[in-house]
A.B. asks: 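Handing you a structure now.
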Amino acid sequence: MKSIFSVMLVFTIFNCTNVYMGIDGPDVISREAAVGKLNKAYLSKSAACGFSETNLIFLLNNYSISPRKVLDGKYYATSDIDSCVNKINLGSCDTYLVPCVISPKSFFDGGGLPPQGGF
């Protein structure tokens with residue numbers, strides 16, 4: 001009986017959402033969504049600054065390669081991605097292509113389980 005309860009508890013904790021390892025919430029963003037936000041910011045800033053060979057090659061590379069090569073983690077903090085998007089949008093036309101340093105988040109970072117799977 002005790003082992004059945006333990007197994008049910010584990011499944012309940014890790015299957016509370018349809019997202020990997022029960023991670024959910026506004027503080028976490030997936031790699032694909034993060035890359036999409038960054039690409040939109042780069043595209044709009046490139047359009048505002050004028051397209052050049054440098055930024056066109058950069059945009060082509062970012063849009064055509066696997067998102068895993070742009071950001072190597074599965075999940076990121078929404079605040080980190082939003083900060084990078086703001087840096088791109090508010091940066092000068094000479095510096096906005098400098099990549100942001102963003103570290104991935106994992107389920108096991110942080111303390112404890114809920115509310116967002118250890119984030």
Side-chain angles (χ1 to χ4, degrees):
M1 181 70 170
K2 192 175 186 180
S3 63
I4 293 172
F5 178 73
S6 298
V7 171
M8 287 177 52
L9 179 64
V10 169
F11 280 115
T12 302
I13 290 171
F14 290 116
N15 290 321
C16 57
T17 68
N18 291 333
V19 184
Y20 174 74
M21 298 285 284
I23 299 170
D24 197 357
D27 295 337
V28 181
I29 187 169
S30 70
R31 172 181 39 234
E32 290 76 17
V35 169
K37 285 179 100 173
L38 294 174
N39 283 342
K40 286 179 187 176
Y42 283 128
L43 180 62
S44 65
K45 187 65 174 188
S46 294
C49 291
F51 291 106
S52 67
E53 184 177 343
T54 303
N55 62 20
L56 283 174
I57 290 171
F58 181 82
L59 288 172
L60 179 63
N61 286 339
N62 265 23
Y63 273 94
S64 61
I65 65 174
S66 167
R68 185 175 294 226
K69 292 190 178 192
V70 178
L71 296 173
D72 61 351
K74 183 77 174 152
Y75 296 101
Y76 290 85
T78 304
S79 59
D80 290 347
I81 299 301
D82 290 343
S83 174
C84 186
V85 166
N86 287 337
K87 179 186 165 206
I88 294 166
N89 289 333
L90 300 175
S92 71
C93 290
D94 297 328
T95 62
Y96 77 96
L97 291 179
V98 175
C100 297
V101 178
I102 304 171
S103 62
K105 305 299 179 200
S106 77
F107 175 79
F108 299 103
D109 290 346
L113 291 173
Q116 293 183 33
F119 284 97

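FYI, the numbering just counts along the sequence from 1.
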A.B. asks: Output every pair passing side chain to side chain donor-acceptor pair (under 3.5 Å) with a member in residues 40-50, not counting sequence neighbours, ordered by first then second residue.
C.D. replies: Ser46-Tyr96
A.B. asks: Looking at every heavy atom in both Val85 and Leu38, which two are closest together, and how far apart are they?
C.D. replies: CG2-CD2, 4.0 Å
A.B. asks: Looking only at non-hydrogen atoms, find the nearest pair between Asp80 and Ser103 and report the distance.
C.D. replies: OD2-O, 4.2 Å
A.B. asks: Measuring only between side-chain heavy atoms, which start at C-beta, is Asp72 closer than 4.5 Å to Pro104?
C.D. replies: yes
A.B. asks: With side chains defined as the heavy atoms from C-beta onward, is the minimum distance between Leu97 and Thr54 less than 4.5 Å?
C.D. replies: yes
A.B. asks: What are the two closest non-hydrogen atoms of Ala34 and Ile81, and how far apart are they?
C.D. replies: CB-CD1, 3.6 Å
A.B. asks: Specify the closest pair of heavy atoms between Gly73 and Arg31, including all atoms of both residues, with the distance to one decimal.
C.D. replies: O-NH1, 2.9 Å
A.B. asks: In Å and rounded to the nearest 0.5 Å, what is the CG to CG distance from Leu43 to Asn62?
C.D. replies: 11.0 Å
A.B. asks: State the NZ-CD distance between Lys37 and Glu32, to the nearest 0.5 angstrom.
C.D. replies: 14.5 Å
A.B. asks: Is any side-chain heavy atom of Val70 closer than 4.5 Å to one of Asn39?
C.D. replies: no
A.B. asks: Could you state the interatomic distance from CG (Asn55) to CG (Leu60), rounded to the nearest 0.5 Å?
C.D. replies: 11.5 Å
